[in-house]
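Computed from a prediction, not measured in an experiment: that's the story for all the values here.
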Amino acid sequence: IEPGKYDATLKIGIAAIKGTYKGIAEVADPQPPEKYRLIVEGGGTPGFVKGEALIELSRQDQRTIVSYQGEGQVGGLIAGVGQRLISGLAKMMLGQFFKQIGKELKSL
């Protein structure tokens, strides 16, 4: 929608958090190629999410190491499903994201 800001749509099909979420993802404070902050905010019928992560890239031999740390807030029905389900879902989605990025990079 403008440099560093993107419309985002996320569809989740798991238990009480099932639904479509719409929001904004922003790449903030970029310091290429070492690090940047990712800020997300959105909502849908099951509730809302807000989060921020610091993503750092470092080189190790011929590989790129991706490190991240972040925190988030949830509200509405999502908050009722408990921290354990949300944490597990976040880990699963990160795994899927990095797997897909790997496929995309291999096809270049």
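Note that CZ of Phe48 and CD of Gln73 are 6.5 Å apart. Values are rounded to the nearest 0.5 Å. Atom NZ of Lys50 sits about 12.5 Å away from atom CD of Glu71, to the nearest 0.5 Å. Atom CD in Glu56 sits 9.0 Å away from atom CD in Gln31 (nearest 0.5 Å). Rounded to the nearest 0.5 Å, atoms CD (Gln69) and CD1 (Ile55) are 10.5 Å apart. Here the CD-CD distance, from Gln62 to Gln60, works out to 11.5 Å after rounding to the nearest 0.5 Å. Here the straight-line distance linking atom NZ of Lys106 with atom NZ of Lys103 works out to 9.5 Å at 0.5 Å rounding.
Proximity of Leu54 to Tyr36: side-chain heavy atoms (C-beta onward) are nowhere separated by under 4.5 Å. For the pair Leu38/Tyr68, no side-chain contact is recorded, criterion being any heavy-atom separation below 4.5 Å from C-beta on. Between Pro33 and Leu57 the shortest side-chain heavy-atom distance does not fall below 4.5 Å.
Under a 3.5 Å cut-off, the side chain of Arg59 and the backbone N or O of Asp61 do form a donor-acceptor pair.
Criterion: ILVMFWY side-chain heavy atoms under 4.5 Å apart, direct or through other members. Under it, Ile65 and Leu94 are not part of a common hydrophobic cluster. Under the 4.5 Å side-chain heavy-atom criterion for grouping Ile, Leu, Val, Met, Phe, Trp and Tyr, Ile24 is not connected to Val74 through any hydrophobic cluster. Cluster membership for Ile1 and Ile39, using ILVMFWY side-chain heavy atoms within less than 4.5 angstrom, is not shared. Connection of Val66 to Val40 is established within a shared hydrophobic cluster, with ILVMFWY side chains joined at heavy-atom distances below 4.5 Å, either directly or through further cluster members.
Of the N and O atoms on the side chains of Gln100 and Gln96, not one donor lies less than 3.5 Å from an acceptor on the other residue.
Nearest heavy-atom pair, Gly19 versus Pro46, reported as atom, atom and distance to 0.1 Å: CA-CG, 4.2 Å.
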